[in-house]
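Here's the structure we're looking at; comments come further down.
This is a predicted model, so every value here is computed, not measured.
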Amino acid sequence: MLTLVIGGAASGKSAFAESLCMQSPLPRTYLATMQVWDAECAARVARHRAMRQQKQFATVECPRGLEAIDLPQRGTVLLEDLGNLAANELYDPAGAGKAAADAVLRGIEALRAQCEELILVTNEVFSGGTAYAGDTEWYLRTLAKINNAAAQRADTVVRVVCGIPVYYKGTKR
């Protein structure tokens, strides 16, 4: 089962995705994509890891190279989030660069083969009507390509608006 949870900043998408995980089979793996740049980031990661452990999540840090992940066990996987992963693949010197979208999509397929349920969290893009240029445009187009392909492959697509899930594909559990 593949579920795509999409929404704007602070829309409640992450909390909703976690609630789906809590209803899904154990074990639970949390794939964290945040790149740790400094002590503040490291402290945030440690705090989030402790919170997830209380919810019976095993955390796997994966800022890039998703297709190389070998999950410790089957069950439910929450990938948080595709926006960070896309940026890391695009801009990190060790990332996929121009092939970022394809690398992320291959990684999603590799994960799908290793778990019972995969829940992807992503940011909504291009809904603000603003024109962007340069690297920002490149990033947004890359994430849009990933989002569109993930939505096509997904069994369920849910957009979270102000904490309210709206199902576009599939049915509510």
Apply salt bridge (Lys or Arg N to Asp or Glu O under 4.0 Å) to [X] and list each qualifying residue two or more places apart in sequence or on a separate chain.
X    : value
R44  : none
D135 : none
R28  : none
K145 : D102

Is there a side-chain contact between [X] and [Y] (heavy atoms, below 4.5 Å)?
X    : Y    : answer
L66  : I108 : yes
T76  : C115 : no
V77  : Q114 : no
Y132 : Y139 : no
L118 : M1   : no
N88  : P63  : yes
T3   : L120 : no

Test side-chain contact (heavy atoms from CB on, under 4.5 Å) applied to [X] - qualifying residues, sequence neighbours left out:
X    : value
A144 : V125, F126
D92  : Q35, R64, A94
V36  : C41, A42, V45
E109 : R112, R153

Under 4.5 Å side-chain heavy-atom separation, chaining through any Ile, Leu, Val, Met, Phe, Trp or Tyr, what else clusters with L26? Say none if it is isolated.
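Members alongside L26: none; it stands by itself.
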I119: which other cluster members, linking ILVMFWY side chains closer than 4.5 Å, directly or transitively?
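Its cluster mates, by chain and number, are V5, F16, L20, M22, Y30, F57, L78, V121, V158, V160, Y167.
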Got a donor-acceptor contact below 3.5 angstrom from the T142 side chain to the W138 backbone?
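It does hold such a pair.
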Quick check against the 3.5 Å criterion: does K169 have a side-chain atom that pairs as donor or acceptor with the backbone of A154?
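Between the backbone of A154 and the side chain of K169 there is a qualifying donor-acceptor contact (under 3.5 Å).
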Within 6.0 angstrom of Q23 CD, more than 12 heavy atoms from elsewhere:
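Yes, because the 6.0 Å sphere around CD of Q23 holds more than 12 heavy atoms from other groups.
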Do [X] and [Y] land in one hydrophobic cluster if side-chain heavy atoms of ILVMFWY residues count as linked below 4.5 Å?
X    : Y    : value
L31  : I146 : yes
V104 : L140 : yes
L105 : I6   : no

Salt bridge (charged side-chain N to carboxylate O under 4.0 Å, His left out): pairs with one or both residues in residues 73-82, sequence neighbours excluded:
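Listed once each, the pairs are R74-E116.
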Approximate separation, where rounding is to 0.5 Å, of [X] [atom1] and [Y] [atom2]:
X    : Y    : atom1 : atom2 : value
E89  : T33  : CD    : OG1   : 10.5 Å
R159 : S127 : CZ    : OG    : 6.5 Å
L79  : T122 : CG    : OG1   : 9.5 Å
S11  : E124 : OG    : CD    : 8.0 Å
L85  : M34  : CG    : CE    : 14.0 Å

On a heavy-atom basis, which atom in A86 and which in A100 lie closest, and how many Å separate them?
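It is O-CB, 4.4 Å.
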Check side chain to side chain donor-acceptor pair (under 3.5 Å) between E117 and all other residues, then give those that pass, not counting sequence neighbours.
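With neighbours one apart ignored, the set is S24, R173.
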Decide yes or no on side chain to side chain contact (heavy atoms under 4.5 Å, CB included) for L4 and T156, but give the supporting numbers first.
CA-CA 6 Å; L4 179 67; T156 304; over 6 Å; no
